[in-house]
Novice: 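So that we are looking at the same thing, I have put the structure below in structure tokens.
Below, all heavy atoms of this structure are taken into account, side chains as well, without hydrogens, waters or symmetry copies.
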Amino acid sequence: EPEVTQTPSHQVTQMGQEVILRCVPISNHLYFYWYRQILGQKVEFLVSFYNNEISEKSEIFDDQFSVERPDGSNFTLKIRSTKLEDSAMYFCASSEHSGTAQETQYFGPGTRLLVL
Amino acid sequence: AQKITQTQPGMFVQEKEAVTLDCTYDTSDQSYGLFWYKQPSSGEMIFLIYQGSYDEQNATEGRYSLNFQKARKSANLVISASQLGDSAMYFCAMREPGGGSEKLVFGKGTKLTVNP
């Protein structure tokens with residue numbers, strides 16, 4: 001069964017460093033998403049991406065964040081200068097279609113980011 | 001106002017019994033989708049079940065069913081014949097595609113513990 005994969009599973013970084021989180025969405029999916037979950041809190045939307053551009057972003061997704069689809073399979077989230085409060089689980093998700101309520105987003109296993 | 005409210009921070013159930021996890025939502029859209037995800041202690045987000053606002057039948061997927069009461073704006077998850085492996089966090093989420101939004105909005109979750 002196709003699934004979303006994410007690498008690395010865990011990343012520890014120093015404050016101020018850049019990190020790149022990688023995702024491989026399900027192959028026939030066209031819509032990609034990043035969410036984050038701070039420990040013990042609810043899952044929060046960061047950004048959605050379609051047709052090689054951002055289609056929606058939250059107020060969390062400031063200039064420190066960027067997303068890219070560098071090739072036909074990978075989808076990346078870059079944090080330019082990490083802060084302590086960026087420590088969270090980051091989930092990538094993908095869906096086949098959008099524009100209708102019923103298109104399920106399938107989540108990857110997450111990358112647990114710890115900023116020291 | 002909270003879009004998704006899950007009022008039960010924790011629930012306990014005996015193995016083989018049924019349990020209902022509550023979810024109420026707030027929207028003025030006519031078209032929306034409601035989703036339930038399971039998050040085991042390992043951290044991944046597993047899609048369980050979907051209910052569309054125009055669906056007349058309650059959704060079912062194996063041991064999972066959704067008790068959808070549109071007038072009350074509730075979408076409770078029912079797990080029948082609980083198993084030890086059902087112990088996890090459960091998140092209710094909503095998508096409102098009107099206006100072009102693709103994001104899922106999550107509740108705070110309910111931690112389910114299944115006792116042997």
Novice: Side-chain heavy atoms under 4.5 angstrom apart, residues restricted to Ile, Leu, Val, Met, Phe, Trp, Tyr: same cluster for Tyr90(B) and Val114(B)?
Specialist: yes

Novice: Quick check for you: to the nearest 0.5 Å, what is the distance between Cys92(A) atom SG and Met45(B) atom CE?
Specialist: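 With rounding to 0.5 Å, SG (Cys92(A)) is 13.0 Å from CE (Met45(B)).
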
Novice: Answer yes or no: are there more than 12 heavy-atom neighbours, outside Lys83(A) itself, under 6.0 Å from its atom NZ?
Specialist: yes

Novice: Checking Glu44(A) against chain B: side chain, backbone, both or neither under 4.5 Å from a heavy atom?
Specialist: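 No part of Glu44(A) comes within 4.5 Å of chain B.
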
Novice: Take a 6.0 Å sphere around CG of Leu84(B) and say whether it holds more than 12 heavy atoms from other residues, nucleotides or ligands.
Specialist: yes

Novice: Linking I/L/V/M/F/W/Y whenever any side-chain heavy atoms sit under 4.5 Å apart, do Leu84(A) and Val19(A) land together?
Specialist: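 Same cluster: Leu84(A) reaches Val19(A) through Ile, Leu, Val, Met, Phe, Trp or Tyr contacts under 4.5 Å.
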
Novice: Heavy-atom cut-off 4.5 Å, strictly under: side chain, backbone, both or neither for Gln39(B) against chain A?
Specialist: side chain

Novice: Which atom pair, heavy atoms only, marks the closest approach of Thr104(A) to Tyr50(B)?
Specialist: OG1-CB, 4.5 Å

Novice: Counting only heavy atoms closer than 4.5 Å, note whether Tyr50(A) contacts chain B via side chain, backbone, both or neither.
Specialist: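 Interface part for Tyr50(A): neither.
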
Novice: Between atom CD of Glu44(B) and atom CD of Gln6(A), what is the distance when rounded to the nearest 0.5 Å?
Specialist: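 If I round to the nearest 0.5 Å, the distance is 11.0 Å.
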
Novice: I would like to know whether Phe49(A) and Glu102(B) meet side chain to side chain contact (heavy atoms under 4.5 Å, CB included); could you show each step before the answer?
Specialist: CA-CA 10 Å; Phe49(A) 191 87; Glu102(B) 299 140 18; over 6 Å; no

Novice: Distance from Phe106(B) atom CZ to Gln37(A) atom CD, nearest 0.5 Å?
Specialist: 8.5 Å

Novice: Mind listing the closest non-hydrogen atom pair of Lys42(A) and Phe91(B) along with its distance?
Specialist: CA-CE2, 4.4 Å

Novice: Between Glu56(A) and Lys103(B), is a side chain to side chain contact (heavy atoms under 4.5 Å, CB included) present by the stated rule, with each step listed?
Specialist: CA-CA 8 Å; Glu56(A) 186 178 3; Lys103(B) 66 183 180 189; 3.7 Å; yes

Novice: Cluster question for you: counting only ILVMFWY and a side-chain heavy-atom cut-off of under 4.5 Å, with indirect links fine, are Phe32(A) and Leu77(A) together?
Specialist: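 In one cluster with Phe32(A): Leu77(A), yes.
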
Novice: For each of Ser55(A), Gly108(A), Ser58(A), tally heavy-atom pairs with chain B at distances under 4.5 Å, and name the one with the top tally.
Specialist: Ser55(A)

Novice: Quick one: does Leu104(B)'s side chain get under 4.5 Å of Phe45(A)'s, heavy atoms only?
Specialist: no

Novice: If you count heavy atoms of other groups shown closer than 6.0 angstrom to CG of Asp63(A), is the number above 12?
Specialist: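 No, CG of Asp63(A) has 12 or fewer neighbouring heavy atoms, counting only those of other groups under 6.0 Å.
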
Novice: With a sphere of 6.0 Å drawn around CD of Gln30(B), does it hold more than 12 non-hydrogen atoms of other residues, nucleotides or ligands?
Specialist: no

Novice: Side-chain heavy atoms nearer than 4.5 Å, only ILVMFWY residues, links allowed to pass through others: does that put Ile26(A) and Val24(A) together?
Specialist: no

Novice: Counting the benzene-type ring for Trp, do Tyr37(B) and Phe107(A) have ring centres under 6.0 Å apart?
Specialist: yes

Novice: In terms of hydrophobic clustering (I, L, V, M, F, W, Y; side-chain heavy atoms under 4.5 Å; direct or indirect links), are Leu21(B) and Phe68(B) co-clustered?
Specialist: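 Yes, same cluster.
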
